[in-house]
Amino acid sequence: MDTSLAYDPQRGAELAENVKDVLKEIAAARPAGSSPRLVAISKIKPPSDIQALYDAGHRHFGENYIQEMAEKAQLLPRDICWHFVGTLQSNKANLLASIPNVFVLETLASRKLADKLQNALAKTDPSRVLSVYLQVNTSGEDAKSGLEPLTADSGPDAELADLAIHIRDSCPQLKVIGLMTIGSWEASHAEGENPDFQRLRESRKHLARILGIDEGNLDLSMGMSADFAEAVREGSSSVRVGTRIFGARPKKESK
Ligand SMILES: *Cc1c(COP(=O)(O)O)cnc(C)c1O
């Protein structure tokens, strides 16, 4: 990774312009009273791109390789709010816990990882509470990770509810602050309402019912470059946009 934080002013201006455009589209799509967050997904992009957007006032960035996020977090300003959006192997819990400015881990989907994170946090800083989203596999595709969506029939032993209850009762240094979905490529490139977004909204409603909390306390992380405006119309609290801001990524991505 090129560790220089110096950027070409023209590249900086272009990135800032892209963020401005995306923010405009979010503002135009958002339901009254909501203020969805824009997370710039900077995976594979150089730290200098992130510094450029930081200098333009942007603070929320997302990564999906833990090693890369750890390196970038070390180089870049400490008030960046990092979102981890990739799959975290449980043997990397310590590495994640070593990054002080993780805003939220967006992809928690197992008890095993929750327990590892709880242990890692207890060792590194017993007073820290790490926010997490639980990842939901709304499209049911085998290749996608995440827990089964909740429905009106779901009770406390449904896997998503069970994990949320386990965290509430046994992981005092983790806090579930929302749900996240990636969704299917087809649905994100189709017109009209997106069934993945509907399933995430439904899952939130039923999780709130089962936990006995207000659903307004749970974020929905949904929407990427192809469909963030639609996601915002359907109630997204946090959109994850990469390509529209940084341009196309080289093909390293399919892990
Ligand atoms: C890469 C990635 C994104 C951003 O995708 P774009 O289509 O480039 O906006 C969003 N969410 C996750 C989980 C990702 O891995």
Side-chain angles (χ1 to χ4, degrees), residues 1 14-26 29 36-47 49-50 53 58 60-70 72-73 80-89 92 96 102-110 113 131-147 149 177-190 194 196-197 199-200 203 219-234 236-255:
M1 185 169 70
E14 176 194 317
L15 290 168
E17 192 63 31
N18 292 347
V19 162
K20 216 162 101 188
D21 288 346
V22 171
L23 286 173
K24 244 189 251 165
E25 287 182 42
I26 291 173
R37 175 195 308 125
L38 171 60
V39 182
I41 303 295
S42 45
K43 62 188 181 206
I44 320 189
K45 297 297 172 177
D49 274 4
I50 300 171
L53 285 177
H58 197 75
H60 285 264
F61 294 91
E63 292 284 335
N64 82 338
Y65 305 101
I66 188 62
Q67 193 67 47
E68 182 178 340
M69 187 165 96
K72 285 175 170 171
I80 284 180
C81 301
W82 292 105
H83 293 237
F84 189 69
V85 302
T87 303
L88 189 68
Q89 307 297 336
K92 294 290 178 355
L96 186 113
V102 176
F103 182 81
V104 60
L105 163 65
E106 297 212 6
T107 53
L108 187 56
S110 77
L113 180 58
S131 295
V132 299
Y133 294 157
L134 302 184
Q135 185 174 355
V136 185
N137 185 358
T138 54
S139 54
E141 296 162 282
D142 289 343
K144 297 257 154 70
S145 13
L147 304 154
I177 61 161
L179 301 178
M180 178 271 206
T181 186
I182 294 178
S184 80
W185 191 92
E186 289 77 15
S188 72
H189 290 78
N194 181 325
D196 286 304
F197 300 159
R199 283 182 208 113
L200 199 67
S203 294
D219 284 355
L220 296 177
S221 172
M222 56 190 202
M224 321 204 308
S225 288
D227 58 7
F228 68 86
E230 178 60 22
V232 164
R233 276 191 289 277
E234 296 193 38
S236 178
S237 345
S238 196
V239 295
R240 311 178 308 267
V241 178
T243 313
R244 264 293 298 274
I245 296 173
F246 296 99
R249 288 178 294 271
K251 267 226 169 283
K252 160 191 169 184
E253 259 196 85
S254 44
K255 300 163 255 194

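Each ligand, and each atom within it, is numbered from 1 in the order the structure gives. Both backbone and side-chain heavy atoms feed into the values below; hydrogens, waters and symmetry mates do not.
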Any heavy-atom pair between the side chains of [Y] and [X] that's under 4.5 Å?
{"X": "His83", "Y": "Arg240", "result": "no"}
{"X": "Ser42", "Y": "Glu63", "result": "yes"}
{"X": "Gln89", "Y": "Ile66", "result": "no"}
{"X": "Leu108", "Y": "Tyr133", "result": "no"}

Atoms of ligand 1 less than 4.0 Å from [X] heavy atoms?
{"X": "Gly242", "result": "4 (C), 6 (P), 8 (O), 9 (O)"}
{"X": "Val241", "result": "9 (O)"}
{"X": "Val85", "result": "12 (C), 13 (C)"}
{"X": "Thr243", "result": "6 (P), 7 (O), 8 (O), 9 (O)"}
{"X": "Asn64", "result": "15 (O)"}

- With sequence neighbours left out, the residues meeting ring-ring contact (aromatic ring centres under 6.0 Å, His included) with His58 are Phe61

- Query: So which of Met224, Lys43, Arg240 gets nearest to atom 14 (C) of ligand 1, if we judge by its closest heavy atom?
  - Reply: Lys43

- Message: Is it the case that ligand 1 has an N or O less than 3.5 angstrom from some N or O of Ile41?
- Response: no

- Atom of Arg244, atom of Asn18 and distance for their closest heavy-atom approach: O-CB, 3.6 Å

- Give the contacting part of Arg249 toward ligand 1: side chain, backbone, both or neither, where contact means a heavy-atom distance below 4.0 Å. side chain

- Query: For ligand 1, does Arg244 get within less than 4.0 Å through its side chain, its backbone, both, or neither, judged by non-hydrogen atoms?
  - Reply: neither

- Item | Pair Thr138-Thr181, side-chain donor/acceptor within less than 3.5 Å | yes

